[in-house]
Amino acid sequence: MSNNPQHPPVILPGSTVGILGGGQLGRMIAIAGRRMGYRFVSLDPTEDAPAGQVSDRQIVASYSDLIAARQLAELSDVITYEFENVDAGVAALLEREAFVPQGSQLLRITQHRVREKRAIEACGAQVAPYLPVRSREDLKQAGETLGYPYVLKTSTGGYDGKGQWLCRSQSELDHIWQEAEHAVRHHLQDEDEPLVAEKYISFTKELSVIVARSLRGQIQSFPVAENIHREHILHLSILPARIPETKAAEAQRLAEKVATGLQMVGLLAVEMFLTEDDQLYINELAPRPHNSGHYTDDACTVSQFEQHLRAICNLPLANARLTTPVVMVNVLGEHVAPLLKALPNVGPDIKIHLYGKHEAKPKRKMGHLNVLAPLPEAIRALRHLEVWPHESLEVGNSD
């Protein structure tokens with residue numbers, strides 16, 4: 001799916017990696033790459049963006065700025081992106097004028113939920129039953145076909161719970177359609193499937209697997225993370241996941257099957273639900289480093305960021321093994337002040353990662369901590385900090 005030639009080049013240390021996007025994922029890619037000897041240039045509209053702070057140069061421009069994209073292409077030996085919603089015109093220009101191993105086809109798929117579900121099914125993996133939605137009548141049909149409750153989502157955009165509605169009964173549909181129609185009003189004419197209804201899956205665990213696939217076709221999957229969300233935002237990732245080893249191996253095989261089927265290059269985060277009857281449903285894909293893979297920086301034989309660079313630069317992939325139990329916790333805007341106050345008393349097993357963002361807004365991801373300890377000890381260490389409400393750190397086995 002990428003635009004690679006038959007025998008793609010090896011991008012050696014000393015070369016310049018261009019990053020489209022200047023957020024925390026780009027920042028951590030650059031930090032990992034600097035250790036390997038690469039140079040970096042990032043493009044982001046915000047001055048002194050997190051990735052720009054650790055790059056050799058930041059181009060301050062809109063993501064849709066074709067002149068800036070061409071400048072990024074001229075300065076870079078290889079280009080990667082740190083988020084999915086890349087402007088189509090920019091992606092096409094970069095593919096023509098630069099080396100973009102990840103290509104744009106996987107972006108096109110993962111930018112749209114219906115296309116993504118069809119692609120996952122084509123790889124032989126299972127998703128929750130779904131129906132594309134174009135009208136109020138389709139909402140009623142979804143209830144009759146999928147049953148209540150079901151989840152309505154915008155096909156494009158939407159993250160951390162935005163652009164989603166839980167449809168519990170037919171009586172709610174008029175109100176939900178009014179909100180949903182407003183959310184996608186700019187896409188109703190030019191987008192065939194602006195919304196998608198998904199059967200509500202009653203799950204026991206939310207899991208994710210980060211899988212790397214290199215230009216030379218090597219595959220390596222990271223250990224399975226067990227993820228706990230609060231208010232639709234990832235809160236904790238627990239490693240090892242509290243599932244049988246056979247089920248963890250199945251989740252890794254499933255992620256690798258999708259990565260191979262899509263012929264992707266770089267990293268693919270595969271989010272899954274595990275149900276009470278022991279079924280795995282793929283919920284979402286992200287073709288980049290992922291929040292649920294941040295534990296790899298301190299608790300694996302290779303970080304997701306170094307592995308991503310190895311993949312796109314055509315270097316051999318490293319073995320990705322867990323070296324210690326770990327719990328990753330997100331630091332949101334409301335956590336920054338209490339965390340800074342608590343840092344003088346931080347425990348010896350806690351690794352601190354802050355992203356250099358200038359404004360600590362509520363619910364904004366500002367950093368994360370990796371606690372290198374088994375789950376009970378890790379939770380005790382986090383409670384001791386008094387940063388997160390204790391009830392948010394309840395992680396019962398059925399959570």
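Both I19 and L12 are assigned to one and the same hydrophobic cluster, defined by single-linkage of ILVMFWY side chains at heavy-atom distances under 4.5 Å. Cluster annotation: I201 is not connected to L166 through the hydrophobic network of ILVMFWY side chains, with a link wherever side-chain heavy atoms come within less than 4.5 Å. L66 and L20 fall within a single hydrophobic cluster, where Ile, Leu, Val, Met, Phe, Trp and Tyr are joined by side-chain heavy atoms under 4.5 Å apart, directly or via other members.
With hydrogens and angles ignored, the 3.5 Å screen pairs no side-chain donor or acceptor of R216 with any backbone N or O of P8. Side chain of K117 to backbone of L131: no donor-acceptor contact under 3.5 angstrom is found. In this structure, T296 contributes its side chain and G293 its backbone to a donor-acceptor pair below 3.5 Å. A donor-acceptor pair under 3.5 Å links the side-chain atoms of Q53 to the main chain of G356, judged by distance alone. Judged by distance alone, with hydrogens and angles left aside, the side-chain atoms of R213 form a donor-acceptor pair with the main-chain N or O of M264 at under 3.5 Å. Distance alone, capped at 3.5 Å, places no donor-acceptor pair between the E198 side chain and the V151 backbone. Of the possible donor and acceptor atoms, one in the side chain of D77 sits under 3.5 Å from a partner among the backbone N and O of T16. Using a distance-only test at 3.5 Å, with no hydrogens or angles considered, no donor-acceptor pair links the side chain of D44 to the main chain of G21. Side-chain atoms of S237 do not come within 3.5 Å of backbone N or O of M328 as any donor-acceptor pair. Between the side chain of S76 and the main chain of V17, no donor-acceptor pair closer than 3.5 Å is present.
Taking CZ from F273 and CG from N283, the interatomic distance works out to 3.5 Å, rounded to the nearest 0.5 Å.
Considering I243, L207, T275 as possible partners of L280, the one that fulfils the side-chain contact (heavy atoms from CB on, under 4.5 Å) test is L207.
Between Y150 and Y148, the ring planes lie tilted relative to each other; the angle falls in the 30° to 60° range. Note on ring orientation: taking the six-membered ring where Trp is involved, the planes of H368 and H353 are parallel (angle under 30°, cut-offs 30° and 60°).
The pair K205-E226 counts as a salt bridge, with a side-chain nitrogen and a carboxylate oxygen less than 4.0 angstrom apart. In this structure, E193 pairs ionically with R118, as a charged nitrogen and a carboxylate oxygen lie closer than 4.0 Å. For the pair D48 and K357, the salt-bridge criterion is not met [side-chain N within less than 4.0 Å of a carboxylate O]. A salt bridge between K247 and D278 is present, with a side-chain N of the basic residue lying under 4.0 Å from a carboxylate O of the acidic one. Classification of E82 and R27 as a salt-bridged pair fails, no side-chain N sitting under 4.0 Å from a carboxylate O.
Ring centroid separation for the pair Y81 and F83 does not come in under the 6.0 Å cut-off.
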Evaluate the criterion side chain to side chain donor-acceptor pair (under 3.5 Å) for residue pair E256 and S221; output intermediate values, then yes/no. CA-CA 7 Å; E256 292 174 6; S221 54; 2.6 Å; yes
In sequence, state the C-alpha distance, the side-chain angles, and the governing distance for V78 and S15, and then conclude on side-chain contact (heavy atoms from CB on, under 4.5 Å). CA-CA 8 Å; V78 61; S15 303; over 6 Å; no
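H308 and T80 share a side-chain donor-acceptor pair at under 3.5 Å.
Looking at heavy atoms from C-beta onward, P45 lies out of side-chain contact with V60 at the 4.5 angstrom threshold.
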